[in-house]
There are 2 protein chains.
Amino acid sequence: MITQKTKYALKSLMVMADEMARDGTALRIEEIAERSGAPKRFLEHILLDLKRAGFIGSRRGRKGGYELIKNPRRISIAMILRLIDGPMAPLPCLSRKAYQRCEDCKDEETCRVRAVFGGFYSAYILMIESLTLADLMEDSQPLERFSLSEVAAGE
Amino acid sequence: MITQKTKYALKSLMVMADEMARDGTALRIEEIAERSGAPKRFLEHILLDLKRAGFIGSRRGRKGGYELIKNPRRISIAMILRLIDGPMAPLPCLSRKAYQRCEDCKDEETCRVRAVFGGFYSAYILMIESLTLADLMEDSQPLERFSLSEVAAGE
DNA sequence: AAAAACTTGATTAACATGGTCGATTCTAGC
DNA sequence: GCTAGAATCGACCATGTTAATCAAGTTTTT
């Protein structure tokens, strides 16, 4: 499950990208909240995170607001997921950034659970790292670029 | 992240499948705990769940224990994940079994977040439903059966 | 009858999630 | 330089989940 917070983050980014494509005026937090469906007070934290990470910029006071400062093609879905939700790995022992040994695991090298979920994970990473905010905004099916074909393993 | 509980469940099933392949005697909960690395008291609950779902059988009293009663080829990883962790969908609005409308979503049909994660999810489902306990126990890379190829979208 | 082992339900501590609130700091415009 | 409007910051809180542990059963075999 991706968290509600991440969903709000993605939707807010879409709103700001939309505005950026149109004219470029900064949006008040309240307007972003309305257009993305996120509660205003909660959205504050999210926008702060996005700002600290360099995706958006802000101006305070009158005429203030938030605006996208990064090219939507340069913002991958994976970046946002990692920023808001934290590590994406299905097992702690599979995370590069937040590696942790599994207490219950005798030998990591031969752990079958690890091997199998590692397989899933690398396929997932491959897809989600290549998908960008720009893809999220286009109408097409962004995963069409990938084809997942099952190869009969001569059984 | 898959939960620790699910990991214990998978490992316990592997232990029992291993024993089944060898001779077929029921294993005491304590032995399963040792061999899988799970705490005994916690494992009790897990084995109960697996039993109620019909994967394993139990005998009480002296000479009692648990044993696998289903063909490992007929037990998909997805079944176990769903049983222990619950629904696997990345968004509540994508789950078949536990569907829930997203409050913040104006129109589900055109929601881009939903469309994109729906794409991931169906690829994931395809893989995890076809992977079985038997695959988990073999030494090969079970996901070799799938090939994930990136198709350049003539850009 | 007693021992071994499964079964059940209650309880727990720690953490994550999804918020809310109040106070503060900055900035444009009068 | 005052003030209204806006972002910023930090603390707080309610609820639920996770990963266990424990006590007290019940059932079966020897």
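What's counted below: heavy atoms across the whole structure, side chains too, no hydrogens, waters or symmetry copies. Below, chain A is the first sequence line, B the second, and so on; all start at residue 1.
Remark on DNA chain D: of its neighbouring residues B:P39 and B:D85, the 5'-side contact belongs to B:D85, judged by nearest-heavy-atom nucleotide. Residue order along DNA chain C, read from the 5' end via each residue's closest nucleotide, puts B:R62 first among A:Q4 and B:R62. Toward the 5′ end of DNA chain D lies the nearest nucleotide of B:I84, the other residue of the pair B:I84 and B:L43 mapping further downstream. Residue A:T3 is the one, among A:T3 and A:K63, whose nearest nucleotide of DNA chain C lies closer to the 5' end (criterion: closest heavy atom).
Side-chain atoms of B:H45 and base atoms of D:dT21 include a donor and an acceptor less than 3.5 Å apart. For B:E44 against C:dC6, no side-chain N or O and base N or O form a donor-acceptor pair under 3.5 Å. Side-chain to base pairing of B:R41 with D:dA23: one donor and one acceptor N or O lie within less than 3.5 Å of each other. Side-chain atoms of A:R60 come within donor-acceptor range of the base of C:dT25, with a qualifying N/O pair under 3.5 Å.
In this entry the distance linking CD of B:Q100 with C1' of D:dG16 reads 13 Å, nearest Å. In this entry the distance linking CD1 of B:I2 with P of D:dT17 reads 19 Å, nearest Å. Residue B:D49 contributes atom CG, which lies 14 Å from atom C1' of C:dC6 at whole-angstrom precision. Rounded to a whole Å, the CD1 atom of A:I29 is 14 Å from the P atom of C:dG19. Nucleotide D:dA20 holds its P atom 17 Å from the CG atom of B:L48, rounded to whole Å. At whole-Å resolution of the value, CE in B:M1 and C1' in D:dA19 are 15 Å apart. Atom pair B:E31:CD and C:dA5:P shows a separation of 10 Å (rounding to whole Å applied). Rounded to whole Å, the distance from CD1 on B:I32 to C1' on C:dA5 is 12 Å.
The phosphate of D:dT8 has OP1 or OP2 within less than 4.0 Å of a side-chain N or O from A:K51. B:Y8 has a side-chain polar atom (N or O) that falls below the 4.0 Å cut-off from OP1 or OP2 of D:dA20.
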(request) Quick one: do B:Q4 and A:D104 satisfy side chain to side chain contact (heavy atoms under 4.5 Å, CB included)? Show the steps, please. (result) CA-CA 9 Å; B:Q4 191 66 24; A:D104 58 295; 3.0 Å; yes

(request) Starting from the C-alpha separation in whole Å, work towards a yes-or-no answer on ring-ring contact (aromatic ring centres under 6.0 Å, His included) for B:Y124 and A:Y124. (result) CA-CA 8 Å; B:Y124 178 67; A:Y124 179 66; 7.8 Å; no

(message) Evaluate A:L94 against A:Y99 for side chain to side chain contact (heavy atoms under 4.5 Å, CB included), listing each step before the verdict.
(response) CA-CA 7 Å; A:L94 280 170; A:Y99 170 84; over 6 Å; no

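Among the atoms of the strands shown, none is found under 4.0 Å from any heavy atom of B:L47.
Closest approach to the B:F42 side chain among D:dA19, D:dT29, C:dT20 is made by D:dA19 (side chain taken as heavy atoms from C-beta onward). Checking C:dA5, D:dT8, D:dA20 against every side-chain atom of B:R28, the shortest atom distance belongs to C:dA5.
Classification of B:K40 and B:E44 as a salt-bridged pair fails, no side-chain N sitting under 4.0 Å from a carboxylate O. Using a cut-off of 4.0 Å between Lys/Arg side-chain N and Asp/Glu carboxylate O, A:K51 and A:E67 are scored as not salt-bridged.
For the atom pair CZ (B:F120) and CE (A:M127), the distance works out to 6.0 Å, reported to the nearest 0.5 Å.
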